[in-house]
Amino acid sequence: MEIPLQAQVECTDGICGRSVYVLIDPLIDQVTHLVVKADPSPNTEYIVPMDVISTTIADTIRLRCTKAELEQMKPFVKTDFIEEKVSI
């Protein structure tokens with residue numbers, strides 16, 4: 001499944017935000033979560049497990065949860081983000 005970034009994200013009860021990051025488990029080298037930046041202020045970013053993603057198309061990701069359920073997911077804290085350095 002392709003996960004487009006900066007795509008509109010829809011919950012079962014409407015548009016909820018945009019996709020901003022994917023999280024990869026380096027031990028298995030697989031995408032495990034999507035980070036969704038909520039539309040309403042304060043624009044909290046939530047960590048969404050891959051199994052919550054229903055479908056993805058060019059610029060839209062559909063989730064199997066409501067906006068209220070999304071808001072109960074763990075918030076993404078950028079200090080937890082580990083960036084891999086690539087040598088060229």
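Positions are given from 1, in the same order as the sequence printed here. Computed from a predicted model, the values in this text were never measured in an experiment.
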Using residues 47-57 as the side-chain source, report each donor-acceptor pair under 3.5 Å to any protein atom, sequence neighbours left out, with the distance given to one decimal.
residue : atom : partner : partner atom : Å
Thr56   : OG1  : Glu2    : O            : 2.9

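Residue pairs meeting the salt bridge (charged side-chain N to carboxylate O under 4.0 Å, His left out) criterion with at least one member in residues 26-39, sequence neighbours excluded, do not occur. The list of salt bridge (charged side-chain N to carboxylate O under 4.0 Å, His left out) pairs with a residue in residues 56-65, not counting sequence neighbours, reads Glu10-Arg62.
A distance-only check finds no donor-acceptor pair linking the side chain of Glu71 to the backbone of Ala68 [under 3.5 Å]. Side-chain atoms of Asn43 come within 3.5 Å of backbone N or O of Ala38 as a donor-acceptor pair.
Residues passing the side-chain contact (heavy atoms from CB on, under 4.5 Å) test with Gln6 are Arg18, Val20, sequence neighbours excluded. Considering only residues two or more places apart in sequence or on other chains, Glu45 meets the salt bridge (charged side-chain N to carboxylate O under 4.0 Å, His left out) condition with Lys78.
Heavy atoms only, all atoms of each residue included: Ile61 and Pro4 are closest at CD1-O, 3.6 Å. Between Tyr21 and Leu34, the shortest heavy-atom distance links the atoms O-CD1, 3.4 Å.
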>> Please determine whether side-chain contact (heavy atoms from CB on, under 4.5 Å) holds for the pair Leu70 and Val36, giving the CA-CA distance in whole Å, both sets of side-chain angles, and the decisive distance to 0.1 Å.
In response: CA-CA 9 Å; Leu70 176 68; Val36 174; 4.3 Å; yes

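Hydrophobic clustering, with ILVMFWY side chains joined whenever heavy atoms are under 4.5 angstrom apart, keeps Met73 apart from Ile15.
Distance check, rounded to the nearest 0.5 Å: CG of Leu23 to CZ of Phe76 gives 5.5 Å.
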